[in-house]
Amino acid sequence: VQSISRHDYRPYPYRITHADLQFDLQADATRVHTRLSVESADASGQALVLNGEDLTLEQVALDGRTLSPDEYTLTENTLTLAPGTLPAFTLEITSLCRPADNTQLMGLYVSGNSLFTQCEAEGFRRITWFPDRPDVMSRYRVTLRADKQRYPLLLSNGNLLESRDLPDGRHEAVWEDPHPKPCYLFALVAGDFACREQTIQTRSGRDALLQVYSDHGSEHQTEWALDSLVRSVRWDETRFGLELDLDRFMIVAARDFNMGAMENKGLNVFNSAYVLADPESATDASYHAIEAVIGHEYFHNWTGNRVTCRDWFQLSLKEGLTVFRDQEFSADMMTHGLPEAEAQSARAVKRIDDVTALRIAQFPEDAGPMAHPIRPESYQSISNFYTATIYEKGAEIIRMQHTLLGEEGFRAGMDEYFRRHDGQAVTCDDFLSAMESVYVRQNPGSTLEQFRRWYSQAGTPRVKVTLAHDAAAQTLRVTLEQRNPPVGIETRQNPPVEKLPLHIPFALGLLDGEGKELSLTHKGVKQATALLELREKSQTWTFENIAEQPVPSLLRGFSAPVIVEYERTPQELALLARHDTDAFARWEAAQSLATRVLLDSISRPESGSPDEQLLIDTWEALLQDGSLTAAYRSRILSLPAERELLEKTSPLDPLAVVEARRRLIGKLGDALAPFWMTAYEDNRIDGPYAPDAASSGKRSMRNLALLYLMAAGGQGGQELTLEHYDAARNMTDRMAALGALVQYGTPEARSERLQHFYTQWRHNPLVIDRWFAVQAASAATSLADVRQLMTHPDFSLRNPNRARSLIFQFCTNNLRNVHSREGHSFWAEQVLALDALNPEISSRLARVFENWQRFTPVLRDSLQQAWRHIQSQPALSSNLSEIVNKALS
Ligand code: HT7
Ligand code: ZN
């Protein structure tokens with residue numbers, strides 16, 4: 001498979017100013033008539049090359065004259081016209097695509113009784129012949145024709161110009177998008193949907209119609225989605241001064257969708273899991289995810305659509321920036337209207353959740369065979385680069401710019417970015433230059449030149465901290481030293497790649513021995529938190545008036561995506577966990593203490609950890625600290641997730657992690673039972689369900705208390721959990737009880753409630769996804785159970801949500817049962833089965849074990865065999881080949 005390099009970018013030699021598409025929509029075969037207005041953009045007379053995939057070409061015409069096959073060159077994936085002499089011409093192409101056979105869900109495909117498109121990254125070529133690259137921007141006019149009864153709604157981007165009935169029960173609709181766009185933002189939807197809508201006035205007083213379409217019967221579940229969309233529009237106006245530029249903005253929910261959602265101009269297509277919610281069937285987590293994803297796709301309207309990517313190497317230009325924007329949106333929504341202290345705590349909870357996700361998904365990626373900078377240098381299949389690095393690390397790199405420039409400076413940089421590039425397809429460098437124009441004004445003589453390295457260097461930097469306290473001089477010298485070791489393919493390069501020091505904003509605070517915050521005075525400036533800008537390999541700062549050896553609070557707010565190296569005593573961690581004024585660093589200290597106890601108990605299972613009692617005392621103090629909000633308390637008192645802990649073992653030892661964690665939860669549950677019971681009672685909520693931060697925080701704390709009580713193992717825990725399940729009036733509580741039972745309950749209680757749950761919810765596919773997932777991820781579910789679940793009439797590998805809920809959950813989160821020879825070959829078998837249907841999904845499943853080399857020897861051997869088995873199969877998709885070859889290289 002061919003690899004594409006960033007440096008090989010060349011502008012497209014033609015402009016496609018207008019694309020006029022006419023669709024005769026039918027599920028089995030759709031005829032597309034494409035009329036392109038083409039202008040030469042480059043005098044050197046190059047051939048016009050169009051991309052196509054799985055298409056049947058019927059006719060090609062140039063300026064109205066049908067071409068004979070010897071006047072163009074057709075290969076499996078290209079249609080080439082030799083350079084002509086005309087500066088401008090019209091090219092017409094008629095072709096067929098087959099939506100009903102399209103199991104990849106890229107291009108035009110069938111979901112339920114409807115037709116949907118997914119074009120990012122390279123799906124448009126599966127619809128018609130076209131230069132399928134983001135720097136070719138055109139004005140689209142789209143005519144959709146279809147059977148009116150089967151497809152009463154015909155939607156595409158932009159404005160509806162006209163619709164009319166045709167003979168034979170067909171009808172047509174004509175759409176025009178006033179904004180030039182790359183073809184990856186094209187969309188059409190045809191089907192029969194219910195619609196919830198609202199007209200709003202945008203900031204400048206224009207009316208805009210907002211619509212959410214979903215299957216009939218689910219209209220009662222779209223209120224939250226529409227409200228979230230209204231909030232997104234308002235937020236972008238207020239925080240970034242960005243207004244909706246369309247008269248109509250539509251969201252359509254699809255049952256079959258490869259990812260979360262897609263930001264097509266004015267016609268977003270969403271995985272129904274990120275649209276549909278009602279208190280009975282959706283959890284707090286889904287409410288928050290829906291708001292975040294609706295925000296994310298809406299914010300792309302500016303960061304991605306108005307200003308798009310020049311090429312796919314620049315993917316993080318839109319994704320990292322838009323994730324940063326959706327994170328800020330969620331934080332602002334969570335803190336809205338709260339008193340300052342609670343708002344700070346809610347903001348910290350959001351940060352904790354985001355950083356946890358980064359550490360679980362991105363840190364391992366950045367240390368494995370797929371490690372890549374946020375702007376990759378090469379790829380074989382761009383689909384494989386929709387990664388945690390591009391998205392989540394990309395967002396951290398934007399966040400550091402926000403930290404360095406401040407809120408006002410960052411806003412000024414964004415304004416400048418749009419002033420310079422509105423309507424263009426640009427690069428990450430262009431974004432940074434806009435930010436830099438503000439930074440140099442703020443910091444004369446300084447630039448963001450060194451900061452640019454974050455875009456080209458892969459791997460998680462390590463920052464070692466050394467403190468030297470001088471009691472006589474009352475000074476503290478803080479030395480930060482950064483290391484950027486080689487990762488992924490770099491580890492095999494000869495000579496080794498030279499990685500250069502990064503520009504790292506490092507937030508630091510100090511506490512005294514009693515836990516009181518000290519101020520940091522450097523060159524006469526006094527602060528509670530100092531932002532150290534580490535630029536050299538090693539740098540030292542001296543702080544004055546520090547009378548005693550302090551306890552440092554490091555990387556406050558997670559000011560940079562790095563790993564801190566600093567040896568602490570358990571007592572220091574306990575002190576920080578009780579007293580740090582920075583809520584993020586405080587949580588981090590509690591988590592580090594718990595991690596230490598867990599790792600101790602893995603390395604010496606007979607004696608356990610000497611710090612266990614300190615952890616219990618700390619947990620007790622936190623349970624009794626009345627100043628903490630329920631949401632924050634639930635985060636600080638949760639043990640690190642299995643996968644987070646696994647990353648801290650070397651070699652990776654999943655079984656030991658599962659046992660140690662289960663044992664410690666039980667121990668903490670038992671030792672602090674009365675406190676958990678009080679927390680359970682104190683966080684009861686009466687009244688109707690609302691997903692706001694305070695209420696969901698209370699549910700989160702109450703359900704955590706329940707889990708600890710259940711894990712403690714006594715009869716009382718299970719009884720309480722069964723009662724909790726029966727009394728639940730919302731899905732958050734019901735799932736919490738079911739999850740606790742499935743993990744820790746007796747086999748009878750578990751299967752009885754699982755059966756009850758299934759019977760109650762069997763008509764709601766999103767809830768049945770949860771039913772599969774909660775079983776698949778449980779340590780009590782064996783591989784044989786999973787195979788049995790695969791024979792369930794509701795299971796299908798073709799629906800990505802279902803495959804994710806059973807197969808992915810088992811392979812990713814059931815650490816106890818997937819790690820055996822049989823478990824590993826099950827994984828390989830499913831990767832191959834999925835690859836025949838949908839390579840977007842198979843390559844993601846393959847990536848679950850890309851770090852196989854880091855496991856204990858027995859597991860490593862068995863994983864290697866499973867990988868080799870995959871590699872030995874004929875006709876792997878190009879997506880999967882890239883992953884397999886990198887994993888085994
Ligand atoms: N920009 C969207 C990417 C996307 C996608 C990519 C590959 C295959 C299917 C896909 N569906 C959506 C999602 C986003 O980041 O907003
Ligand atoms: Zn996105």
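Since the structure is predicted, the reported quantities are computational estimates derived from the model, not experimental observations. Both backbone and side-chain heavy atoms feed into the values below; hydrogens, waters and symmetry mates do not. As the structure lists them, so they are numbered: ligands from 1, and atoms in each ligand from 1.
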Those atoms of ligand 1 less than 4.0 Å from some heavy atom in [X]:
X	answer
Glu263	1 (N), 2 (C), 13 (C), 14 (C), 16 (O)
His300	14 (C), 15 (O), 16 (O)
Lys318	1 (N)
Tyr386	3 (C), 6 (C)
His296	14 (C), 15 (O), 16 (O)
Glu319	1 (N), 14 (C), 15 (O)

So which bit of Ala261 gets within less than 4.0 Å of ligand 1, heavy atoms only: side chain, backbone, both or neither?
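Under 4.0 Å from ligand 1, Ala261 contributes backbone atoms alone.
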Among Glu840, Gln118, Met106, Arg844, whose heavy atom sits nearest atom 11 (N) of ligand 1?
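Result: the heavy atom closest to atom 11 (N) of ligand 1 is in Gln118.
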[atom]: which protein heavy atom is closest, and how many Å away?
atom	result
atom 3 (C) of ligand 1	Glu120 OE1, 3.3 Å
atom 15 (O) of ligand 1	Tyr391 OH, 2.5 Å
atom 4 (C) of ligand 1	Met259 CE, 3.6 Å

Where the Zn ion (ligand 2) is the vertex, angle from His296 NE2 to His300 NE2 to 10°:
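It is 100°, given to the nearest 10°.
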Specify whether [X] and [Y] have parallel, tilted or perpendicular ring planes, treating 30° as the upper limit for parallel and 60° as the lower limit for perpendicular.
X	Y	answer
His402	Phe324	tilted
Phe313	Tyr379	tilted
His300	His296	perpendicular
Trp312	Tyr184	perpendicular

Point-to-point distance, once rounded to the nearest 0.5 Å, from OG1 of Thr103 to CG of Leu105:
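Between atom OG1 of Thr103 and atom CG of Leu105 there are 7.0 Å.
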Mind checking the CG-CE spacing from Asn268 to Met250? Nearest 0.5 Å is all I need.
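If I round to the nearest 0.5 Å, the distance is 9.5 Å.
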Would you verify whether the NZ or CZ of Lys181 falls within 45 degrees of the ring axis of Tyr140 while also being under 6.0 Å from that six-membered ring's centre?
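Geometry flag: set, cation within 6.0 Å and 45°.
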Strictly by modelled atom types, are Ser378 and Ser5 linked by a side-chain donor-acceptor pair under 3.5 Å?
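There is no such pair between these side chains.
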Can you find an N/O atom of Glu297 closer than 3.5 Å to an N/O atom of ligand 1?
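Such a contact does occur with ligand 1.
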Hey, is ligand 1 close enough to Asn258 that some N/O pair sits below 3.5 Å?
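No, no N or O pair falls under 3.5 Å.
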For N/O/S atoms only: which one belongs to Glu319 and is nearest the Zn ion (ligand 2)?
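In Glu319, the heteroatom (N, O or S) nearest the Zn ion (ligand 2) is OE1.
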Kindly determine whether Arg325 and Thr303 satisfy side chain to side chain donor-acceptor pair (under 3.5 Å), including the steps that lead there.
CA-CA 9 Å; Arg325 275 154 53 69; Thr303 49; 3.1 Å; yes
Verdict with supporting geometry, Ser3 and Gln380, side chain to side chain donor-acceptor pair (under 3.5 Å):
CA-CA 4 Å; Ser3 184; Gln380 288 170 19; 5.0 Å; no
